[in-house]
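In what follows, residues are counted from 1 in the order of the sequence shown.
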Amino acid sequence: MKPPKFWDEMKKEDKESQKRYLEKVARARTTLNLINPDETTLEKMERIRRAKEDVRYMVMTYLPHYATAECAEFQIRHAGKVKEDPLYKGYAEWGRGLAKSVWNDVIIPLWLWMNKETYYYCLVSDTFDRACDLLEDLRAEFEGNELLKHDFGEQENPGYWEKGNFVTVSGFICKAFGVKMKVRGLRKGARRPDLWGFDDVETPATIKNSRMQDEYAEWVENDVLPTMTGNRRRFIGSNNRFASRMVQTILRERHPDWDWDLVKAYNPVTYEPAWPAMYSPEFYRQQEKDMGILAAHAEYNHEPLVKGKIFKPEMVLWGKLPDLHSMNAIVGHWDIAYAGTDTSDFNACKVWGRHQKDFWLVDGFVRQSKMKACVEWMCLKQMEFKTQGIVCFWQYESQFWNDEVKRTIDETEAEMGVTLNLVGVRRSTVNKFIRMLSMHPYYQNGRIHVDGRLKSNPDICTGLKQLYAVEMGMTEHDDSPDADEQAIKKLELYTDPPVREGEPDSRPWRTGKYKRKYSW
C-alpha cells in the first residue's frame, strides 16, 4: 500500500531540518582551529575565568562564527543586566537586525550556563516547531563547538538529545514550547525551570486579534512565571515593536517595573546606526528607499505603522503640484517644540497652498529636533520662494513665544540673511482633536492633495503617520496634523479664484508676482 502524500512531505521536512542542524554543528566545529595543543592548564583556566566575567570576550572566543561584527554596547549592557539579576524580568525591544534572538536565545543562556546561573532553560515562540528551530542553535553549540567542549567537557548526551528537548552531560535541561502549550507543573526530577525565553510570539493573526494577545499575556503571568520557584527566576522577551498593540505592550502596561530595553536601529534624522560595526548609515537609507519610510520605521525603530480609523491613506491624493504662482495663497505654519530628544514633541512646520477650491501640501519639516534646525529649514525654503518670486505667509502659535524662541529666530535669520516675518496666531480654545477633525471633510471630499514628489520624503511620511493615528484618546504625537489644521484654517480665508492670463487683477496682492515695497 502506497503511503499517503503527507507522509512523504513530513519525511522531506525532517530531512531538511536535519540538514540545517548539521550545518549549524559544522559551523560550531570551526572553533577546533582555536585550540592550542601546547597551552598550559593555567592558560586554559584563565580563558575560562575571563569568559565567565566578560561576555564580549566570551563571544569573540567561543562564538567567533557569530561574531561577524564587534559586539554593540547595548548588547553588552543587556547581557550584564540579565546576569547580575537572578530575578530578571524584561524585554529586549531591539529593532530588526540587531541580533535579538542570537543574544537572548544563544549567547546569554550559554553565558549563564558557564557561570552556573541556569540549569533549566525553556524557550517559547509562536509555534512549537519554531521554538525547536530556535533552540537548535544552542544544541549545535553543545554538540559541535570544539573549544567549548575542550574547556567545559563533552556535553552531547545520547538518549537525551532530541530536537526541542535535550539535556547536556552537565545536567543543563533545555525545552521548547509553542505559546499556550501546557507548562503547569513543569519539572524534571527535582529541577524546575529557572530561565524562560519568549521570542517572537506575534503573528499577523495575533496583531488582528486583541483577545488572543490578552490570552498570551495572561498565559505568561498565570502559567509560565509560576513554573519558576527557586532563587533564580529569569524571563527574557525578544521582539521589536512593529504594531501599536502587542503582547509585550500589554505586559509593559501591567509590569512597568520590568526592564524594557528599547533600542532603535538607527536615528531617522542622521541615520546614525545603533550598531555601527554591523551597519552603515547608507544601509538604512537604502532600506527606507526599498521598503518605504513608514515600513522601515516600524521594523527598525519601533514606530508602528498606524492604519487610520478616521484619516486613511486612500484619502490622501498624490499628484502634480500646480504652479505655485497660480496659488490663491501659501501659508507655512510652525508648531514649536523645545527639547529635541527622541521622546519630545516634534518641531512641525507645514507649508500649504490654496489652489482654487483645493488645498495642496507643498513641503514640510517634521522632526524631533531643536528649534534652530526647523528655523534653518524655513529660511532655506524662504530663499527658494524668493528666487521664484513666491510669497509665503509664515506663522506660529503665539502661546509658544518666549525669549528663547525669539533668540533662535533672530540668530538664524542673521546667520542666513533671511527675514521670515513670522506672525503669531492665537490657538483656538476648541479641543485639539475636534480642530484636527475639522479637516476630515476636506480629505473625504477629495480636496486635500500632496505633491507626488514628496512620497519618499521622511518628514512628510512622519507627518502622515501622525495624521493616520488621529482618533479619540490617541497617545501618538500629533504635532504635524496640528500644524496642518492651522495652515488650512488660514487658507480657508483665501477663496478668490486665480486670475486668468490677460485679465486685470483687482486683488491688492498676488501670491506669485506681488512686488513688495520693502527689501528682504
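Salt-bridge annotation for D261 and R77: present, with a side-chain N of the basic residue lying under 4.0 Å from a carboxylate O of the acidic one. Salt-bridge annotation for E215 and R211: present, with a side-chain N of the basic residue lying under 4.0 Å from a carboxylate O of the acidic one. Between E303 and R241, none of the side-chain N atoms (NZ, or NE/NH1/NH2) sits under 4.0 Å from a carboxylate O, so this pair counts as no salt bridge. Using a cut-off of 4.0 Å between Lys/Arg side-chain N and Asp/Glu carboxylate O, R234 and D194 are scored as not salt-bridged. Using a 4.0 Å cut-off between charged side-chain N and carboxylate O, R367 and D459 make a salt bridge. Between R49 and E46 there is a salt bridge, since at least one side-chain N of the basic residue sits less than 4.0 Å from a carboxylate O of the acidic one. Using a cutoff of 4.0 Å between basic side-chain nitrogens and carboxylate oxygens, R50 and E53 are not scored as salt-bridged. Ionic pairing of E117 and R232 is present here: one or more N-O contacts between side-chain nitrogen and carboxylate oxygen are shorter than 4.0 angstrom. One finds no salt bridge joining K44 and E39 here, because no Lys/Arg side-chain nitrogen approaches an Asp/Glu carboxylate oxygen to under 4.0 Å. We find that K149 and E146 are joined by a salt bridge, their nearest charged nitrogen and carboxylate oxygen being less than 4.0 Å apart. A salt bridge does not link D484 with R435: none of the charged nitrogens is closer than 4.0 Å to a carboxylate oxygen. A salt bridge is defined here as a Lys NZ or Arg NE, NH1 or NH2 lying under 4.0 Å from an Asp or Glu carboxylate O, and R56 with E73 meets this definition. Using a 4.0 Å cut-off between charged side-chain N and carboxylate O, D133 and K163 make a salt bridge.
Looking only at distances, a side-chain donor or acceptor of Q75 sits under 3.5 Å from a matching main-chain atom of A72. Between the side chain of Q155 and the backbone N or O of F152, at least one donor-acceptor pair lies under 3.5 Å. A donor-acceptor pair is defined here as one N or O able to donate and one able to accept, closer than 3.5 Å; such a pair exists between the side chain of H302 and the backbone of E93. Between the E43 side chain and the T40 main chain, a donor and an acceptor come within less than 3.5 Å of each other.
The distance from the CZ atom of F172 to the NZ atom of K116 is 12.0 Å, given to the nearest 0.5 Å.
With a 6.0 Å cutoff to the six-membered ring centre and a 45° limit on the axis angle, K83 counts as a cation-pi contact of W111. For the pair R285 and Y266, the cation-pi test (distance below 6.0 Å, angle within 45°) is failed.
In this model, no donor atom of one side chain and acceptor atom of the other lie less than 3.5 Å apart for Y443 and E314. Side chain to side chain, T168 and W161 fail the donor-acceptor criterion of an N or O pair below 3.5 Å. Using modelled atom types, one finds a donor on one side chain and an acceptor on the other under 3.5 Å when comparing E143 with Y21.
In this structure, R453 places its CZ atom where only 12 or fewer heavy-atom neighbours from other residues, nucleotides or ligands lie under 6.0 Å away. Heavy-atom neighbours of K289 NZ from other residues, nucleotides or ligands within 6.0 Å: at or below the threshold of 12.
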Go through the steps to decide whether D200 and K100 satisfy the test salt bridge (charged side-chain N to carboxylate O under 4.0 Å, His left out), and finish with yes or no.
CA-CA 10 Å; D200 203 15; K100 296 182 295 295; over 6 Å; no

Step-by-step side-chain contact (heavy atoms from CB on, under 4.5 Å) determination, V201 to T206:
CA-CA 9 Å; V201 299; T206 62; over 6 Å; no

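Contact detail for I48 and D151: the closest heavy-atom pair is CD1-O, 3.5 Å. Closest heavy-atom contact between P481 and M439: O-CE, 3.6 Å.
By the side chain to side chain donor-acceptor pair (under 3.5 Å) test, D126 is found to be paired with no residue, residues two or more places apart in sequence or in another chain being considered.
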